[in-house]
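Predicted, not measured: the structure shown is a model, and the values here were computed from it.
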Protein chains: 2
Amino acid sequence: MTSTPTRKVGARDRLVSAAERLFYAEGIHAVGVDRLCAEAEVSKRSLYQHFSGKDAVVTAMLRAQAAKSVALFAPDGASPRDRILAVFDALDHEADSSDFRGCPFLGAAIELKDLDHPAVRIAREQKLALTEYFAEALRAGGVGDADLLALQLTLIFDGASAYSVVQGGSTPATRQAVETLLSAHGI
Amino acid sequence: MTSTPTRKVGARDRLVSAAERLFYAEGIHAVGVDRLCAEAEVSKRSLYQHFSGKDAVVTAMLRAQAAKSVALFAPDGASPRDRILAVFDALDHEADSSDFRGCPFLGAAIELKDLDHPAVRIAREQKLALTEYFAEALRAGGVGDADLLALQLTLIFDGASAYSVVQGGSTPATRQAVETLLSAHGI
DNA sequence: ATCGTTGTACACCGATCGGTGTACTTATCT
DNA sequence: AGATAAGTACACCGATCGGTGTACAACGAT
């Protein structure tokens with residue numbers, strides 16, 4: 001058996017989980033494969049049987065984060081306006097937790113510094129997905145130029161994430177900015 | 001002589017310059033002290049005579065960047081509104097250059113992940129300085145709640161910086177968001 | 001001319017980096 | 001029971017990590 005619907009937690013999954021924790025908390029370059037394997041309770045040899053190298057682990061880890069994040073977006077019942085604000089409320093809440101280190105996709109992209117790196121590609125797609133989530137809600141709310149406003153909201157999202165990394169915690173300015181932008185477009 | 005007004009470019013300055021280039025382009029953890037010294041054309045021994053360690057070089061490098069950046073803000077003659085927009089125009093212009101890797105202060109803060117690191121402290125002060133620059137212009141423009149709006153502009157600034165790192169290049173959404181926010185506050 | 005500063009060259013340190021080779025144990029499926 | 005896949009233990013590789021010790025050359029100021 002190579003892969004069944006209900007999968008046992010194997011070495012691969014434990015590696016990805018450990019990678020999510022460690023790379024996010026301490027940085028990709030700051031965590032070596034030995035540390036990673038030890039924390040995942042996986043032999044070093046197993047890592048290289050599942051992945052072609054550290055980069056592949058990084059990519060898999062970001063992919064796993066992306067899969068979880070898209071699910072997080074949508075509290076589907078609410079109004080378009082609330083569906084948008086919910087994202088920022090969630091971000092503010094996370095930003096006030098002590099172990100928040102900013103958006104993991106943005107963090108990885110900044111640390112890797114290579115637009116062509118597969119992990120950065122995932123980060124890019126993830127940001128586009130967030131923008132599309134905003135755009136969809138805006139269209140449902142009857143906003144013209146939904147794409148442009150959605151991009152502006154993404155800017156604020158990443159700005160708020162950056163704020164929490166540099167200053168620590170969240171700021172009411174985030175929600176204020178979002179509400180001003182939404183009001184200005186009649187929603 | 002330890003320090004005179006007109007200073008010769010010594011080992012220290014060359015190290016800081018090289019650090020600005022390398023750490024920004026490739027990341028702090030990705031550049032070792034050997035590489036740094038080689039690029040600065042400075043012996044490794046000299047580095048440790050001027051700095052207590054790599055961390056101190058990182059801090060000095062961010063401090064140097066900060067000193068240059070504050071000067072960049074102010075095109076003093078213009079109107080409050082234009083003084084604000086000038087910052088975002090400059091950012092957009094930089095973001096379209098191929099070697100732009102985002103705001104160096106944000107980058108360092110994300111990579112170091114420690115609010116107490118001296119370099120991150122500098123980053124924090126730098127962001128506060130930018131916010132204060134915005135606030136001053138807004139006050140001159142007669143805006144109430146200048147501090148809060150200034151913070152919102154800083155969010156957009158960092159969001160736009162993040163955008164360029166993940167997507168490459170700039171986006172018109174930045175300027176649109178700024179203008180919407182300014183208009184909403186009557187400026 | 002001499003003296004302290006500033007810098008260089010270079011060998012060296014233990015630790016860690018990403019990655020591999022080999023041999024062994026443990027499961028799972030039939 | 002036997003075969004096959006999945007995983008472990010551990011030693012090892014060259015390279016690089018941040019940092020140090022020592023000895024020697026170039027310098028500017030008096």
Taking [atom1] from [X] and [atom2] from [N], how many angstroms apart are they, rounded to a whole number?
| X | N | atom1 | atom2 | answer |
| --- | --- | --- | --- | --- |
| B/Asp34 | D/dT20 | CG | C1' | 13 Å |
| A/His50 | C/dG19 | NE2 | C1' | 16 Å |
| B/Leu47 | D/dG19 | CG | P | 9 Å |
| B/Asp13 | C/dT6 | CG | P | 13 Å |
| B/Leu15 | C/dT6 | CG | C1' | 13 Å |
| A/Lys44 | C/dG18 | NZ | C1' | 7 Å |
| A/Leu36 | C/dC17 | CG | P | 11 Å |
| A/Phe51 | D/dA6 | CZ | P | 14 Å |

Query raised in the report: Distance check: side-chain N/O of A/Ser43 vs OP1/OP2 of D/dT8, anything under 4.0 Å?
Result: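 True: A/Ser43 side-chain N/O within range (under 4.0 Å) of D/dT8 OP1/OP2.
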Report task. Report yes if at least one side-chain N or O of B/Tyr48 is closer than 4.0 Å to OP1 or OP2 of D/dG19; otherwise report no. Result -> yes
Query raised in the report: Taking the side chain of A/Ser46 as heavy atoms from C-beta outward, which of D/dT8, C/dG7, D/dG18 is closest to it?
Result: D/dT8
Report task. Measure from the side chain of A/Lys54, starting at C-beta and using heavy atoms only, and say which of C/dG7, D/dG18, C/dG18 lies closest. Result ->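 It is C/dG18.
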Non-hydrogen side-chain atoms of [X] and [Y] separated by less than 4.5 Å:
| X | Y | answer |
| --- | --- | --- |
| A/Leu149 | A/Phe134 | no |
| A/Leu182 | A/Val143 | no |
| B/Gln126 | B/Gln65 | no |

**Report entry** Donor-acceptor side-chain pairing of B/Asp145 and B/His185 below 3.5 angstrom
**Finding:** no
Query raised in the report: Should the pair B/Phe88 and B/Phe157 be assigned to parallel (<30°), tilted (30 to 60°) or perpendicular (>60°) ring geometry?
Result: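 The arrangement is perpendicular - the two ring planes meet at more than 60°.
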Report task. Tell me which of A/Gly53 and B/Val42 sits closer to the 5' end of DNA chain C, going by the nucleotide each one is nearest to. Result -> B/Val42
Report task. Just call it for B/His29: base, sugar-phosphate, or nothing, with non-hydrogen atoms closer than 4.0 Å on any strand. Result -> nothing
**Report entry** Candidates B/His117, B/Lys54, B/Arg121 - the one meeting side-chain contact (heavy atoms from CB on, under 4.5 Å) with B/Thr59
**Finding:** B/His117
Query raised in the report: Any donor and acceptor pair, going by atom type alone, linking the side chain of B/Arg124 with main-chain N or O of B/Leu115 inside 3.5 Å?
Result: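 Checked: pair present.
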Could you run down the sub-3.5 Å N/O contacts of the protein with nucleotides 23-26 of chain D?
none

